[in-house]
Amino acid sequence: SSFTGHVGIGVTAHATASLNITNANQHIRLNNGSELGIISLDSDGKLDLWAHGDGETIDFRTGSGTGTVAMSVVGTNVGIGLTSPGAKLDVLQEARVSFANSNQYTLRITNTDGNPRILADGSAAHLIFGTTPSGSATATEKMRITSAGNVGINTTTPAHKLSVLGDQLIFGDLLLEGSANSFRTISMNTSDGSDNQTLSLCGGATASSARGARVEIKGNETGGDVNI
């Protein structure tokens, strides 16, 4: 059958909509003889697009002719820019997360040349990493890479290429390398600007003399001595 004008099913025809269907739980069934597709709206206002069956596909297309698949839902995987997603979310080339609409501050996860990149766009933008401590429900910052390229662990204001607040364990060699006729420095600074720190090089896991040989270098306020 063919109709001209507006059609209403279960209700009078809508003034502007070509088709108006009204029911407490309404749906449209599309059946090609072997596959079933359903568009439904339940009484709570939940809209479902349902490709009935295991591993079925729902494609969202744009453009003219046969169109271009912009997003594809295959089973329980979602693909953006590709039609065969291999993960819960599979994005071809680049994904962006912005602070606000048309905002310069953007997180980009991109791979356009075979080299994965995580980029923080925007003037003086930092890249921040956080985890959730045991017993907490909120993640807190643990590491950041500043816009200047400094890395801070447990500090939000790293002043050097690597700034670490807390103890570090290096399993292996610590190599300090410079050009010819140059030197490298291991320095000790205190938050109050005093020079009374002691650098201990120990044969054990702590600065205890019971753990083996120990070399101590005293700060200026304690004489600047070297004790072995």
Side-chain angles (χ1 to χ4, degrees), residues 1-122 125-132 136-145:
S1 300
S2 62
F3 301 90
T4 59
H6 301 159
V7 176
I9 300 177
V11 70
T12 58
H14 193 272
T16 58
S18 297
L19 177 62
N20 187 16
I21 303 174
T22 298
N23 200 320
N25 290 283
Q26 54 187 292
H27 68 272
I28 299 175
R29 294 168 62 91
L30 306 173
N31 194 328
N32 65 3
S34 61
E35 304 294 341
L36 177 63
I38 299 173
I39 304 172
S40 68
L41 179 67
D42 67 16
S43 58
D44 294 328
K46 183 177 69 174
L47 178 65
D48 281 338
L49 303 177
W50 185 5
H52 192 275
D54 294 332
E56 299 292 350
T57 299
I58 299 176
D59 285 338
F60 297 83
R61 296 175 182 264
T62 60
S64 59
T66 58
T68 299
V69 176
M71 183 173 72
S72 185
V73 181
V74 181
T76 59
N77 293 342
V78 177
I80 298 177
L82 70 168
T83 58
S84 55
K88 290 300 181 183
L89 178 61
D90 203 344
V91 180
L92 180 64
Q93 291 188 345
E94 181 169 302
R96 298 186 182 188
V97 180
S98 298
F99 172 70
N101 188 34
S102 301
N103 193 272
Q104 63 167 321
Y105 295 104
T106 302
L107 170 68
R108 288 191 292 136
I109 302 175
T110 180
N111 186 346
T112 57
D113 58 1
N115 297 301
R117 295 177 175 86
I118 300 177
L119 304 172
D121 290 335
H126 309 313
L127 190 59
I128 298 173
F129 302 84
T131 58
T132 303
S136 175
T138 304
T140 57
E141 179 178 338
K142 297 299 187 297
M143 184 179 77
R144 74 167 52 197
I145 303 174

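Fair warning: this is a prediction, and the values are worked out from it, not measured in the lab. For reference, positions follow the sequence shown, starting with 1.
Summarising the geometry of P116 relative to N111, their closest heavy-atom pair is CG-ND2, 3.8 Å, with the distance given to 0.1 Å. Closest heavy-atom contact between H126 and R144: CD2-NH1, 3.1 Å. Of all heavy-atom pairs between N77 and P85, the closest is ND2-O, 3.4 Å. The minimum heavy-atom distance linking T57 with V74 is given by the pair OG1-CG2, 3.7 Å. When all heavy atoms of S40 and H27 are compared, the closest pair comes out as CB-CB, 3.4 Å. Smallest separation of non-hydrogen atoms from S72 and L82: CB-O, 3.7 Å.
The CG atom of D59 lies 11.5 Å from the OG1 atom of T68; values are rounded to the nearest 0.5 Å. Between the CZ atom in R29 and the CD1 atom in I39 there is a gap of 12.5 Å [rounded to 0.5 Å]. Separating the OG1 atom in T131 from the CE atom in M143 is a distance of 10.5 Å, to the nearest 0.5 Å. Atom CD1 of residue I128 and atom CG of residue L107 lie 11.0 Å apart, to the nearest 0.5 angstrom. I21 contributes atom CD1, which lies 10.0 Å from atom CG of L41 (distance to the nearest 0.5 angstrom). L30 CG to E35 CD: the interatomic distance, rounded to the nearest 0.5 Å, is 12.0 Å.
Residue-environment remark: OH (Y105) exceeds the threshold of 12 foreign heavy atoms within 6.0 Å. Within a 6.0 Å sphere centred on CG of L47, other residues, nucleotides and ligands contribute more than 12 heavy atoms.
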Inset, instruction - Could you go through the side-chain contact (heavy atoms from CB on, under 4.5 Å) check for D48 and I38 one step at a time? - result: CA-CA 8 Å; D48 281 338; I38 299 173; over 6 Å; no
Legend entry - CA sep, side-chain torsions, deciding dist, call: N20, T12, side-chain contact (heavy atoms from CB on, under 4.5 Å): CA-CA 8 Å; N20 187 16; T12 58; 5.8 Å; no
Legend entry - side-chain contact (heavy atoms from CB on, under 4.5 Å) evaluation trace for D121 with R108: CA-CA 7 Å; D121 290 335; R108 288 191 292 136; 2.4 Å; yes
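D113 places a side-chain N or O within 3.5 Å of a backbone atom of N115 that can act as its donor or acceptor partner. Between the side chain of R96 and the main chain of E94, no donor-acceptor pair closer than 3.5 Å is present. A distance-only check finds a donor-acceptor pair linking the side chain of R61 to the backbone of T66 [under 3.5 Å].
With contacts defined as side-chain heavy-atom distances shorter than 4.5 Å, the pair F60/V73 qualifies.
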